[in-house]
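So you know, we letter chains A, B, ... as the sequences are listed, proteins then strands, and number each from 1.
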Protein chains: 2
Amino acid sequence: MGASKTQHFTDKQNEMALLMKALGHPARIAIIDYLLKVNTCICGDIVNELPLAQPTVSQHLKELKNAGLIKGNIEGNAICYCIDESTFLKFQNFLSEVFGKIQVQKNNCC
Amino acid sequence: MGASKTQHFTDKQNEMALLMKALGHPARIAIIDYLLKVNTCICGDIVNELPLAQPTVSQHLKELKNAGLIKGNIEGNAICYCIDESTFLKFQNFLSEVFGKIQVQKNNCC
DNA sequence: TATCTTTATCGTAATATTGCAATATTAAAA
DNA sequence: TTTTAATATTGCAATATTACGATAAAGATA
């Protein structure tokens with residue numbers, strides 16, 4: 001089929017999965033890496049940083065934006081992109097719960 | 001095309017993306033949630049916990065196993081699955097770096 | 001205004017993912 | 001040995017993703 005049966009899962013599970021999926025491509029990880037490295041908004045040179053054609057980069061940026069992981073504002077004839085910290089913090093909270101449970105995992109037989 | 005150009009990205013970026021991708025489906029998040037909830041290995045009732053057919057669940061389990069997020073051992077005529085803590089810890093380390101950089105992000109214009 | 005620069009969108013091809021019915025596999029139980 | 005139970009694999013259809021050339025859109029610049 002190809003379409004996930006999202007209606008059968010909790011909102012939290014779906015939300016978590018969407019964030020993970022948005023980061024589930026090396027180009028999008030690279031974009032986030034870059035935005036973190038420069039530690040500021042980027043108005044213009046993301047395309048040059050990636051080994052992909054401009055339409056492809058634009059598409060990846062769109063997906064990150066849809067997931068709420070980055071923000072983009074029009075800035076003259078360029079677009080200014082940066083990390084959306086609030087979504088990352090929410091993501092971090094999700095993951096803290098998960099990792100917290102892992103710490104106390106016991107009785108493994110595998 | 002449909003195939004990612006993984007060769008152009010760093011090993012770390014590709015590794016991170018694969019883990020994210022493996023968790024980028026609500027059914028797989030639900031499987032991890034369940035394994036964490038029961039806090040032990042599960043030999044048998046994962047299929048009943050999910051609103052999906054048995055072959056579909058089996059496929060999701062395979063993907064989680066390929067990504068190293070869960071371990072599975074043959075246990076009689078059942079399979080015993082549990083969280084692979086070492087992979088999650090590696091994942092957590094990756095993410096700690098990312099979230100650490102987010103904390104000090106400044107000069108945002110968006 | 002005409003041109004340049006930058007980013008987005010459209011269209012399309014190649015490939016991947018999701019889901020399940022049917023079937024296979026494997027070991028326990030009868 | 002036959003049956004039962006649990007999980008995996010195969011095969012397929014529907015849909016999604018990835019990538020990019022061509023083109024559009026929109027502001028800057030000459």
Side-chain angles (χ1 to χ4, degrees), chain A residues 1-9 13-14 17-31 34-35 41-67 70-82 109-110, chain B residues 1-9 13-14 17-31 34-35 41-67 70-82 109-110:
Chain A
M1 296 199 176
S4 301
K5 300 180 96 181
T6 55
Q7 69 276 17
H8 294 306
F9 301 99
Q13 285 167 341
N14 284 315
L18 281 179
L19 288 173
M20 291 287 190
K21 194 174 179 182
L23 292 171
H25 190 287
R28 296 195 288 271
I29 294 284
I31 290 170
Y34 182 62
L35 286 175
C41 291
I42 287 305
C43 309
D45 59 353
I46 289 186
V47 169
N48 303 321
E49 287 293 319
L50 292 175
L52 295 168
Q54 179 268 325
T56 309
V57 174
S58 187
Q59 197 173 325
H60 284 305
L61 287 167
K62 190 177 174 184
E63 282 178 58
L64 287 171
K65 199 174 172 186
N66 283 343
I70 64 175
K71 292 180 285 188
N73 283 347
I74 295 175
E75 188 92 2
N77 68 343
I79 297 283
C80 176
Y81 278 114
C82 64
C109 60
C110 302
Chain B
M1 297 201 174
S4 301
K5 301 180 98 181
T6 56
Q7 69 277 16
H8 295 307
F9 301 99
Q13 286 167 341
N14 283 315
L18 282 178
L19 288 174
M20 291 286 190
K21 194 175 178 182
L23 291 171
H25 190 288
R28 295 194 289 269
I29 294 283
I31 290 170
Y34 182 63
L35 287 174
C41 292
I42 287 305
C43 310
D45 59 352
I46 289 187
V47 170
N48 304 322
E49 287 293 319
L50 292 176
L52 295 169
Q54 179 269 325
T56 309
V57 174
S58 188
Q59 196 173 325
H60 284 305
L61 288 167
K62 191 178 176 185
E63 283 178 57
L64 286 171
K65 199 174 172 186
N66 283 343
I70 64 175
K71 292 180 285 188
N73 282 347
I74 294 173
E75 189 92 4
N77 69 343
I79 297 283
C80 177
Y81 278 114
C82 63
C109 61
C110 303

Trainee: Using the side chain to side chain contact (heavy atoms under 4.5 Å, CB included) criterion, which residues pair with B:Ser58? Sequence neighbours excluded.
Mentor: B:Gln54

Trainee: Output all residues satisfying side chain to side chain contact (heavy atoms under 4.5 Å, CB included) with B:Lys62, sequence neighbours left out; order by chain, then residue number.
Mentor: B:Asn66

Trainee: Suppose the criterion is side-chain hydrogen bond (donor to acceptor under 3.5 Å, both in side chains): which pairs have a residue in residues 43-53 of chain A, not counting sequence neighbours?
Mentor: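 Residue pairs with at least one partner in residues 43-53 of chain A: A:Tyr34-A:Asp45.
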
Trainee: Could you check how far CG of B:Leu50 sits from C1' of D:dA6, rounded to whole Å?
Mentor: 15 Å

Trainee: Measure across A:Leu50 and A:Ala30 and return the closest heavy-atom pair with its distance rounded to 0.1 Å.
Mentor: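 Smallest interatomic distance, heavy atoms only, reads CD2-CB, 3.7 Å.
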
Trainee: Using the test side chain to side chain contact (heavy atoms under 4.5 Å, CB included), find all partners of B:Leu61 that sit at least two apart in sequence or belong to another chain.
Mentor: B:Ile31, B:Ile46, B:Val57, B:Ile70, B:Tyr81

Trainee: Figure out the CG/C1' separation between B:Asn66 and D:dT9, and round it to whole Å.
Mentor: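 Between C1' of D:dT9 and CG of B:Asn66: 14 Å.
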
Trainee: Hey, can you pull the residues of residues 20-29 of chain B with a non-hydrogen atom under 4.0 angstrom from DNA chain C?
Mentor: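 Result for residues 20-29 of chain B: B:Lys21, B:His25, B:Arg28, sorted by number.
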
Trainee: How close or far is atom C1' of D:dA24 from atom CD1 of A:Ile79, stated in whole angstroms?
Mentor: 15 Å

Trainee: Can you name the residues that form a side chain to side chain contact (heavy atoms under 4.5 Å, CB included) with A:Ala27, not counting sequence neighbours?
Mentor: A:His25, A:Leu52, A:His60, B:Phe9

Trainee: Could you state the atom-to-atom distance from CG of B:Leu64 to C1' of C:dT17 in whole Å?
Mentor: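 So the two atoms are 14 Å apart, to the nearest Å.
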
Trainee: So which atom in A:Thr6 and which in B:Pro26 form the shortest heavy-atom distance, rounded to 0.1 Å?
Mentor: CG2-CG, 4.4 Å

Trainee: Under 4.0 Å: is that the gap between some side-chain N or O of B:Tyr81 and OP1 or OP2 of D:dA6?
Mentor: no

Trainee: Using whole Å, report how far CD of B:Glu49 lies from P of D:dA6.
Mentor: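 Rounded to whole Å, this separation is 14 Å.
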
Trainee: For DNA chain C, what residues of residues 54-63 of chain A have any heavy atom nearer than 4.0 Å?
Mentor: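 Hits under 4.0 Å, by residue number: A:Gln54, A:Pro55, A:Ser58, A:Lys62.
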
Trainee: Taking only residues at least two apart or on different chains, which pairs with a member in residues 19-29 of chain A satisfy salt bridge (Lys or Arg N to Asp or Glu O under 4.0 Å)?
Mentor: A:Arg28-A:Glu63

